[in-house]
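Only one structure is covered here, and it is reproduced in the block below.
In each ligand, atom 1 is the first atom listed, and ligand 1 is the first ligand listed. Sequential numbering from 1 along the given sequence is applied to the chain's residues.
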Amino acid sequence: MNQTQILSGKVALVTGASRGIGKAIAISLGKLGAEVVVNYSSSEERAKEVVNTIRSFGSKSYESRFNVADEESVNKSINKIVEASGSIDVLINNAGITRDGLLMRMKSSQWDEVLDTNLKGVFLCTKSVSKFMLKQRRGKIINITSIVGLIGNPGQANYSAAKAGVIGFTKTCAKEFASRGIKVNAVAPGFIETEMTQKLNNEEILKAIPLGKLGSTNEIASLVEFLVSSEASEYITGQTISIDGGMNI
Ligand code: NAP
C-alpha cells in the first residue's frame with residue numbers, strides 16, 4: 001500500500017472539525033486516505049470548506065451537524081454515519097469550549113456548559129461509537145485533553161476539571177476495550193494558536209513555555225496521525241501524550 005494512503009478504507013469521525021485543531025486533524029486524516037466525517041455544532045460553511053479540502057485529495061468526506069452533549073442527536077447521528085459509511089474505525093473526541101472565570105465568580109451555568117461539552121460529550125460519543133467498534137474488534141479513539149487538565153490554570157476550574165476527567169476516562173476505556181483490540185489514548189496540547197486562545201495574553205503565556213512559542217494545529221494533527229496510523233500505535237493504549245513546548249516538565 002502507498003504509505004500516503006495508509007488509512008484508505010478507514011472511516012474517521014472528528015468532532016469539532018469545522019476549525020482549529022479538529023480541522024487540522026480532519027484534513028491530515030483525509031490526506032492519509034481516510035473517509036472523514038466532519039462534525040460541527042454551528043459553523044456549517046466552515047465545515048463544508050473542510051469537507052471540500054478533504055475531497056480535493058481524492059478522499060471521501062461529508063459533514064455531520066450534532067451537539068456532542070446531546071445524547072439523542074449523538075446516537076442518531078452516529079447510527080446514520082455507520083449506515084452511510086459502513087463502519088467507524090477512528091473517533092477523535094476534539095470538540096471543546098471554554099467559559100473562563102475565577103472560581104469565586106464562576107456561575108454554575110459556566111460549569112455545566114463546559115462539563116457537558118468537554119466531558120459528557122466525550123462519554124456520549126465514545127459510548128455510541130464503541131458499540132460498533134466492539135463488534136468490529138478494532139478501532140482507535142483519541143481524546144483531546146489539555147495541559148490544563150494536568151497542571152490546572154487559574155480561571156479554568158471548569159475546563160481543567162473536564163480535561164482531567166477526560167484523562168481518567170481514557171484510562172478506563174483503554175482497560176475496558178483492550179481485549180477487543182480497541183486502543184484509547186489522549187493528547188494533551190499546551191497553548192495552540194486557534195480561535196480558542198486568541199483572547200489570551202500571549203506575553204504571559206510565552207513565559208510559561210520553555211520552547212518559547214505557541215504550538216500549531218498541524219503539530220497536534222501530526223501527533224494524532226501517529227496515534228492513529230503508525231506501527232507503534234498498535235501497542236500504545238491508555239496514554240496521555242503531552243505536546244506543549246515543555247510546559248509539563
Ligand atoms: P476552537 O477553534 O474553538 O474550535 C472548537 C470546535 O469545537 C469547533 O469546530 C466547534 O464547532 C466545535 N464545538 C464546540 N462545541 C461543540 C458541540 N457542543 N458539539 C459539536 N461541536 C462543538 O477550539 P480548538 O482550539 O481547536 O480546540 C479543540 C480542542 O482542543 C478542544 O477540546 C480544546 O479544549 C482542546 N485544546 C485546545 C488548546 C488550544 O490552545 N487551542 C489547548 C489544549 C486543548 P462550531 O465551529 O460549529 O462552533
Original post:
If two hydrophobic side chains count as joined below 4.5 Å and joins carry through other members, does V11 share a cluster with L29?
Top reply: no
**OP:** Examine distances only and state if a side-chain atom of R180 and a backbone atom of R137 form a donor-acceptor pair shorter than 3.5 Å.
**Re:** no
Original post:
In the protein, which heavy atom is nearest to atom 5 (C) of ligand 1, and how far is it?
Top reply: G96 O, 3.8 Å
Subject >> Atom indices of ligand 1, in the order listed, that fall short of 4.0 Å to a heavy atom of A17 >> reply: 9 (O)
Original post:
Is the closest N or O pair between V68 and ligand 1 shorter than 3.5 Å?
Top reply: yes
**OP:** Quick one: look at T197 and ligand 1, take heavy-atom pairs under 4.0 Å, and tell me if it's side chain, backbone, both or neither.
**Re:** side chain
**OP:** Taking the side chain as every heavy atom from C-beta outward, state whether S229 and L32 have any pair of such atoms under 4.5 Å apart.
**Re:** yes
Original post:
Short list, please: which atoms of ligand 1 are under 4.0 Å from a heavy atom of N39?
Top reply: 20 (C), 21 (N)
Subject >> From M196, E44, E63, R65 - option closest to atom 27 (O) of ligand 1 by heavy atom >> reply: M196
**OP:** Answer yes or no for G190: is there a heavy-atom contact with ligand 1 below 4.0 Å?
**Re:** yes
Original post:
Which one holds for K23 and ligand 1: side chain close, backbone close, both close, or neither close, with close meaning a heavy atom under 4.0 Å?
Top reply: neither
**OP:** Examine T194 against ligand 1 and note whether any of their N/O atoms are separated by less than 3.5 Å.
**Re:** yes
Original post:
Nearest protein heavy atom to atom 31 (C) of ligand 1, by residue and atom, and its distance?
Top reply: N94 O, 3.1 Å
Original post:
What protein heavy atom sits nearest atom 26 (O) of ligand 1, and how far away is it?
Top reply: I21 N, 2.8 Å
Original post:
Which of the numbered atoms in ligand 1 are below 4.0 angstrom from a heavy atom of N67?
Top reply: 17 (C), 18 (N), 19 (N)
Subject >> Nearest option to atom 13 (N) of ligand 1, as decided by whichever heavy atom of A162, S42, A95, C125 sits closest >> reply: A95
Original post:
Same cluster or not: are V14 and I220 linked, directly or through other Ile, Leu, Val, Met, Phe, Trp or Tyr residues, by side-chain heavy atoms under 4.5 angstrom apart?
Top reply: yes
Subject >> OG1 on T98 to CD on Q110, rounded to 0.5 Å >> reply: 10.0 Å
Original post:
In terms of atom number and element, which parts of ligand 1 are under 4.0 angstrom from non-hydrogen atoms of I192?
Top reply: 39 (C), 40 (O), 41 (N)
**OP:** Decide yes or no for V224 and I92: does some side-chain heavy atom of the first lie under 4.5 Å from some side-chain heavy atom of the second?
**Re:** yes
**OP:** Indicate yes or no: does E63 engage K23 in a salt bridge with an N to O separation below 4.0 Å.
**Re:** no
Original post:
Tracing side-chain links under 4.5 Å among I, L, V, M, F, W and Y, which residues wind up in one group with L200?
Top reply: I97, V114, I147, V148, L150, I151, Y159, I167, F191, M196, I205, L206, I209, L214, M247
Original post:
Within the structure, does G16 bring an N/O atom to less than 3.5 angstrom of an N/O atom in ligand 1?
Top reply: yes
**OP:** Starting from atom 46 (O) of ligand 1, find the nearest protein heavy-atom neighbour and note its residue, name and distance.
**Re:** S43 OG, 2.5 Å
Original post:
Of all the atoms in ligand 1, which lie at a distance below 4.0 Å from a heavy atom belonging to F66?
Top reply: 19 (N), 20 (C)
Original post:
I97 near ligand 1, heavy-atom distance under 4.0 Å?
Top reply: yes
Subject >> Contact check, side chains of N93 and I142, non-hydrogen atoms, under 4.5 Å >> reply: no
Original post:
Among S73, G20, P189, which one has a heavy atom closest to atom 43 (C) of ligand 1?
Top reply: P189
**OP:** Verify the cluster assignment for I141 and V187: are they in a single hydrophobic cluster under the rule of side-chain heavy atoms below 4.5 Å apart?
**Re:** no
**OP:** State whether the side chain of Q136 and the backbone N or O of I88 hold a donor-acceptor pair below 3.5 Å, judged by distance alone.
**Re:** yes
Original post:
With a 4.0 Å cut-off on heavy atoms, is K163 touching ligand 1?
Top reply: yes
Original post:
Any nitrogen or oxygen of N118, main chain or side chain, under 3.5 Å from a nitrogen or oxygen of ligand 1?
Top reply: no
Subject >> Shortest protein heavy-atom distance from atom 34 (O) of ligand 1, along with the residue and atom involved >> reply: Y159 OH, 2.5 Å
Original post:
Which of the atoms of ligand 1 are close to I144, meaning less than 4.0 Å from one of its heavy atoms?
Top reply: 30 (O), 35 (C)
Subject >> Flag side-chain contact, heavy atom, 4.5 Å: F177 against K183 >> reply: no
**OP:** Mark yes or no for whether N39, through its side chain, and S64, through its backbone, hold a donor-acceptor pair below 3.5 Å.
**Re:** yes
Original post:
Does a salt bridge link R138 with D89, judged by any charged N lying under 4.0 Å from a carboxylate O?
Top reply: yes
Original post:
What atoms of ligand 1 come within less than 4.0 Å of a heavy atom belonging to T145?
Top reply: 43 (C), 44 (C)
Subject >> For R19, atoms of ligand 1 separated by under 4.0 Å from a heavy atom >> reply: 1 (P), 2 (O), 3 (O), 4 (O), 8 (C), 9 (O), 10 (C), 45 (P), 46 (O), 48 (O)
Original post:
Looking only at N/O atoms, are F191 and ligand 1 under 3.5 Å apart anywhere?
Top reply: no
Original post:
Short N/O distance, under 3.5 Å, between S18 and ligand 1?
Top reply: yes
**OP:** Using a strict 4.0 Å threshold on nitrogen-to-oxygen distance, state whether E195 and R19 make a salt bridge.
**Re:** yes
Subject >> Salt-bridge present (K76, E72; N to O < 4.0 Å) >> reply: yes
